[in-house]
Amino acid sequence: FVLMLMSVMVNRFRLTMARLAMKKALPEAGDGDERAASDAAMLKRIAVLLDNPTPQRYPARQTIISPGDPGVFMYFPLEGRVAIQSQDKVLSHGGGGSVVGEMALIDSAARSARVVAQTDCLLLAVSRAQFLGLGESHPEIGLALLKLMAQRLQAATAQTSR
């Protein structure tokens, strides 16, 4: 059920962002706009549930996700900060507790935005199969992600009325 709700939100979010792009009204992110999907304890729990995979390192300014890429992994930043970009605008930032790249895992669509390491980063990569398994066996993880997606959709929807 949570996955179905996430899929609906992803579709609405993509539509809202497309409308904003057409109006050339994509919002530029401020410095304090990060939204957390999890806390340090939940990140640690996810890592343990996934048998403590080796986090991936990305140096500052390296592209992590490019538009059009297939959605193979979503990423939880463990250290550092990333920027989510579209049309040369920074839409949002992500640091510890945030998640990036989850939409393509949910709806199996190509990536719609670029994610770039703003600082040296250490990211926990989670595949679609791992994500689905976590969501089934630990619904609180899926619910935390659903809450984050709802917040993103609300913020994007608010921009359309401006």
Side-chain angles (χ1 to χ4, degrees), residues 1-23 26-27 29 33-38 42-43 45-58 62-78 82-117 121-157 159-160:
F1 180 72
V2 170
L3 188 60
M4 181 195 65
L5 286 177
M6 284 183 198
S7 181
V8 169
M9 280 193 203
V10 166
N11 288 333
R12 288 183 182 170
F13 184 79
R14 288 187 191 278
L15 179 62
T16 300
M17 295 306 286
R19 286 181 181 149
L20 289 170
M22 286 175 43
K23 291 172 41 177
L26 286 174
D33 73 335
E34 294 178 30
R35 291 182 176 91
S38 60
M42 184 177 285
L43 284 176
R45 185 167 178 224
I46 290 169
V48 168
L49 291 168
L50 298 176
D51 290 329
N52 293 308
T54 302
Q56 298 179 1
R57 292 194 179 278
Y58 292 90
Q62 182 175 347
T63 297
I64 300 163
I65 294 173
S66 294
D69 285 353
V72 178
F73 292 101
M74 67 184 206
Y75 300 91
F76 290 95
L78 301 174
V82 298
I84 297 92
Q85 305 170 343
S86 181
Q87 296 185 352
D88 298 324
K89 286 189 175 187
V90 175
L91 303 177
S92 65
H93 304 280
S98 66
V99 62
V100 295
E102 75 287 351
M103 289 188 347
L105 261 67
I106 293 166
D107 69 358
S108 300
R111 304 290 189 172
S112 58
R114 178 176 316 284
V115 178
V116 177
C121 291
L122 192 61
L123 306 178
L124 177 63
V126 177
S127 71
R128 186 171 203 279
Q130 290 171 318
F131 167 67
L132 293 175
L134 284 173
E136 283 182 19
S137 60
H138 301 280
E140 69 280 6
I141 294 170
L143 289 173
L145 188 55
L146 183 62
K147 180 181 175 185
L148 174 70
M149 293 175 68
Q151 291 170 342
R152 288 179 181 170
L153 178 59
Q154 287 173 336
T157 302
Q159 289 292 322
T160 62

| query | What's the spacing between I64 CD1 and D69 CG if we round to 0.5 Å? | reply | 11.5 Å

| Taking the side chain as C-beta and beyond, is there a heavy-atom pair between M17 and L91 under 4.5 Å? | yes

Output side-chain donor-acceptor pairs under 3.5 Å for residues 50-57, partner residues at least two apart or in another chain, one line each.
| residue | atom | partner | partner atom | Å |
| --- | --- | --- | --- | --- |
| Q56 | OE1 | Y58 | OH | 2.8 |

| query | Distance from L124 atom CG to Y75 atom OH, nearest 0.5 Å? | reply | 10.5 Å

| Do Q151 and L148 have side-chain heavy atoms sitting under 4.5 Å apart? | yes

| Residues two or more places apart in sequence or in another chain: which of them pass side-chain hydrogen bond (donor to acceptor under 3.5 Å, both in side chains) with E136? | none

| query | Within the distance-only criterion (no hydrogens, no angle test), does the side chain of S127 pair as donor or acceptor with the backbone N or O of Q130 below 3.5 angstrom? | reply | yes

| field | Minimal non-hydrogen separation, L105 against V126, with atom names | value | CD2-O, 3.5 Å

| task | Look at atom NZ of K147 and say whether more than 12 heavy atoms of other residues, nucleotides or ligands are closer to it than 6.0 Å. | result | no

| To the nearest 0.5 Å, how far apart are NE2 in H93 and OG in S98? | 11.0 Å

| query | With side chains defined as the heavy atoms from C-beta onward, is the minimum distance between S112 and M103 less than 4.5 Å? | reply | yes

| remark: In this structure, CD1 of I65 is separated from CE of M74 (nearest 0.5 Å) by 11.0 Å

| Of all heavy-atom pairs between A113 and I84, which one has the smallest distance, and what is that distance? | CB-CG2, 3.9 Å

| note | L43 and P77 have their tightest heavy-atom pair at CD1-O, 4.1 Å

| task | Assess whether side chain to side chain contact (heavy atoms under 4.5 Å, CB included) is satisfied between M149 and I106, documenting all intermediate values. | result | CA-CA 11 Å; M149 293 175 68; I106 293 166; 3.6 Å; yes

| message | Before you tell me yes or no, could you show the steps for S108 and R128 under side chain to side chain contact (heavy atoms under 4.5 Å, CB included), namely the whole-Å CA-CA distance, both residues' side-chain angles and the distance that decides it to 0.1 Å? | response | CA-CA 9 Å; S108 300; R128 186 171 203 279; 3.5 Å; yes

| What heavy-atom pair brings A109 and R14 nearest, and what distance separates the two atoms? | CB-NH2, 3.9 Å

| message | A side-chain contact here means heavy atoms from C-beta on lying under 4.5 Å apart; do I141 and L49 qualify? | response | yes

| With a 4.5 Å limit on heavy-atom distance, are the side chains of R45 and H138 in contact? | yes

| said: Can you give me the closest heavy-atom contact between A125 and F73, atom names plus distance? | reply: CB-CD2, 3.8 Å

| Separation between CZ of R19 and OG1 of T157, rounded to the nearest 0.5 Å | 9.0 Å

| task | Please lay out, stage by stage, how F131 and L145 fare under the test side chain to side chain contact (heavy atoms under 4.5 Å, CB included). | result | CA-CA 11 Å; F131 167 67; L145 188 55; 3.3 Å; yes

| request: Check V90 against A83 and note the closest heavy-atom contact, atom names and distance. | output: CG1-CB, 4.1 Å

| message | Looking at A104, is its backbone amide N or carbonyl O close enough to the side chain of R111 to form a donor-acceptor pair, meaning the two atoms are under 3.5 Å apart? | response | no

